[in-house]
Amino acid sequence: MTLLRRVYFEGAASRLDLAGGTGLSQATVGNVISELLRDNIVIETGQLDSEGGRPAVLVDVNPNHAAVVGVDVGESGAAIELFDLRLKKLAAVEEPLRLPRESPSSLVSRIAAGVNKVIKEAGIPPQHVLGIGVGVPGVVVHDGEEYVHAPSLGWDKIPLLQLLQTALPAPVMLDNGARTMGRAEMWFGTCRDARHLAVVLLGTGVGAAFFNDGTLYSGSTSSAGEWGHTCVVVGGRLCRCGAKGCLEAYVGAGAILERWSQRSRRPLPARRDEQHLLQDLVVAAEESKPAAAVLDETAEFIGVGMANLVNLFNPECIVIGGWVGQLLGPRLLPRIRETAAAQALRFPFSHVAIEVGRLGPDAVAMGAATLVVESFLANGGRGRAGQISRRDAVRQGGAMG
Ligand SMILES: [Zn+2]
């Protein structure tokens, strides 16, 4: 762990504590801190009066050293947020999108417009932005060159990173949205002390991120976490990926609404968007049996999916996020836990907590921004995010240790 990383995660500390905590000599710590102070990356924040001894000056990360941008690309809009180095939100805009109808180049123009707006709103020069992290639906393959596969959006090997890089004013880092949300949860969220964590994103699409001993589990082509496309009903409903019976074909926003329409035997109003319709469903469930049955069944499918995660990954904690997760999670949690308990092996289930994430709708964008901060910390605070090679950034993954 670099010294800067330690200061970032553990907060203000004296040089003596930093030497003790890192095993570095006091002289080395003194030299590194002097360099970081000179570059304005850390600041001295006050004095700690240590038990009768000489007061020690504390050192902390300078939140205003640089800004980072996080982008959450969803199917109906992109949330673009600008943060300080400590990931305090300074400005945010929402750019409407119409995926999958929108072409990748149009998506890139909209993101570029949003990034320029937040930089302007925050009143900072563009060169103050360390980097831009982007969370997208689909599989982001880091394989020398970087491209995105998202069958539900009709994207096949789209070089999105390259397109974004030419349009945006700072280095870009790209990952799947469930994985960026997972990073935010791991850094700041509900189960931040957990080392073995599953973070599930319930939205229009469904995905997950897994952390094994604090490190993001990526798989051979970085596509691990496609939980939404694991089968829960053999020969079941047709999924947007082309397979049958996927979890997403039951608990993705569109699938929940379709099941509601089928059970209540009436079409959904065409002009209302998914978010409003899902709110309508929650209200209707108070009185309507078909609506209540749809929500109950949704909780059962999520619970079964979670039991599979418990049996496969043995996490300490499963965090539910995404806009559908935020909307339905608190209401469905008891039923989700009950179903998961009935389906999972008893021993691993007795060691897992299932919670709704507390980071709210910002988690994907915030997590995308952590990609940039992660690279900055790993690099000891040198340069902008892009100056570290992408392969290094990928290899470092979400490691916290
Ligand atoms: Zn599928």
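Ligands are counted one by one from 1 in listed order, and the atoms in each one are counted from 1 as well.
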Determine all donor-acceptor pairs shorter than 3.5 Å in which one atom belongs to a side chain in residues 108-123; sequence neighbours excluded.
unit_1 : atom_1 : unit_2 : atom_2 : d
Ser109 : OG     : Ser105 : O      : 2.9
Arg110 : NE     : Glu102 : OE2    : 2.4
Arg110 : NH1    : Pro96  : O      : 3.2
Asn116 : ND2    : Ala112 : O      : 3.2
Lys117 : NZ     : Glu95  : OE2    : 2.5

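Ionic pairing of Glu374 and Arg183 is not present here: no N-O contact between side-chain nitrogen and carboxylate oxygen is shorter than 4.0 angstrom. Between Glu300 and Arg335 there is a salt bridge, since a side-chain N of the basic residue sits under 4.0 Å from a carboxylate O of the acidic one.
The six-membered or imidazole ring of Tyr217 lies away from that of Phe210, with a centre-to-centre distance of 6.0 Å or more.
Note on the Zn ion (ligand 1): protein N/O/S atoms under 2.8 Å are His229 ND1, Cys239 SG, Cys241 SG, Cys246 SG.
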Checklist line | Audit row: Cys239, Cys246, disulfide bond (SG atoms under 2.5 Å apart) steps and yes/no | finding: CA-CA 6 Å; Cys239 180; Cys246 295; 3.7 Å; no
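Trp227 has its side chain within reach of Leu202: a pair of non-hydrogen atoms, C-beta onward, lies under 4.5 Å apart.
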